[in-house]
Amino acid sequence: VFSGVGWVNGASATETRPVPEENPLRLSAITANAEDVLGFEVAAGRAFDDRDTANPIDRPVLLTYQAWQRRFRGSGHVLKLTWVDGPLTYRVIGVLPSGFLLPSSRLLERIDGVYGFRSSGQARRGALATAPFARLRPGVSIGAARAVAESATAMDWEATEGQPNSARGQTV
């Protein structure tokens, strides 16, 4: 039914300061396949790729077009911006297109950009509230997709920390 599925964190944003004493940037986690699923092209730089999932403490950032203009005056030098905040390193790799709205934009106040989410393999209950998004396969109606999505959300899902156990039912 879907040719791609992704999500953005719809509950909270990470605040980080590229320059100490300046206002923080508000960033939200998003799946690295967002460009493919949502079908956008970056305004500057590049989108996420496989290189961006190798290091768990490195967070590649796509700034919103508005933050790029407001904070960095549209300078191409922003694509060289890297900073350390605690144990994490952030680096700007691109800029989202002008007017681009995240699937979670209505849930959060202001977002200055997104960073590529990479799963650590360990789930923390309550850590994320996702705003999913998907692209339909050609020829699939919205009604058919809605029926599949509703049946998936109606399932009795169970989250476990160990390996899936077929005797315990559906595991995510």
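Hydrogens, waters and symmetry mates are skipped; everything else that's a heavy atom, side chains included, is used.
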Inset, instruction - Taking ring-ring contact (aromatic ring centres under 6.0 Å, His included) as the test, write out the residues that go with Tyr65, two or more places apart. - result: Trp68
Inset, instruction - With sequence neighbours left out, write down each residue that passes ring-ring contact (aromatic ring centres under 6.0 Å, His included) with Phe40, or none if nothing qualifies. - result: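 Here the qualifying residues are Phe100.
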Nearest heavy-atom neighbours spanning [X] and [Y]:
X      : Y      : answer
Ala145 : Leu136 : CB-CD2, 3.2 Å
Glu15  : Pro24  : OE1-CG, 3.6 Å
Asn23  : Arg71  : O-NH2, 2.9 Å
Leu96  : Ala43  : O-CB, 3.8 Å
Pro18  : Leu25  : CG-CD1, 3.5 Å

Inset, instruction - Check for a donor-acceptor pair, side chain of Asp58 on one end and backbone N or O of Tyr90 on the other, with a separation under 3.5 Å. - result: no
Inset, instruction - Check for a donor-acceptor pair, side chain of Asp112 on one end and backbone N or O of Arg26 on the other, with a separation under 3.5 Å. - result: yes
Inset, instruction - Test side-chain contact (heavy atoms from CB on, under 4.5 Å) on Leu27 and Val114 and set out the steps. - result: CA-CA 5 Å; Leu27 306 175; Val114 293; over 6 Å; no
Considering residues at least two apart in sequence or located in another chain, which fulfil the salt bridge (charged side-chain N to carboxylate O under 4.0 Å, His left out) criterion with [X]?
X      : answer
Arg135 : none
Arg46  : Asp49, Asp52
Glu41  : none

Legend entry - Verify same cluster id: Phe72, Val19 (apolar side-chain graph, 4.5 Å): no
Legend entry - OG-CD distance between Ser98 and Gln69, expressed to the nearest 0.5 angstrom: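 The CD atom of Gln69 is 8.0 Å from OG of Ser98, to the nearest 0.5 Å.
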Distance-only donor-acceptor hits, side chain of residues 74-89, under 3.5 Å, sequence neighbours excluded:
from	atom 1	to	atom 2	distance (Å)
Ser75	OG	His77	N	3.0
Trp83	NE1	Thr16	OG1	2.8
Asp85	OD2	Thr16	OG1	2.7

Inset, instruction - In sequence, state the C-alpha distance, the side-chain angles, and the governing distance for Val148 and Val140, and then conclude on side-chain contact (heavy atoms from CB on, under 4.5 Å). - result: CA-CA 11 Å; Val148 168; Val140 175; over 6 Å; no
Legend entry - CZ/Arg146: more than 12 non-hydrogen atoms of other groups inside 6.0 Å: no
Legend entry - The single option from Val95, Val92, Val42 passing side-chain contact (heavy atoms from CB on, under 4.5 Å) against Leu62: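 The residue from Val95, Val92, Val42 that satisfies side-chain contact (heavy atoms from CB on, under 4.5 Å) with Leu62 turns out to be Val42.
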Legend entry - Close side-chain approach of Ile93 and Val61, heavy atoms under 4.5 Å: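 Not in contact.
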Inset, instruction - Find out whether Ile30 and Tyr115 are in side-chain contact, i.e. whether some heavy atom of one side chain is under 4.5 Å from a heavy atom of the other. - result: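 Counting from C-beta outward, Ile30 and Tyr115 never come under 4.5 Å.
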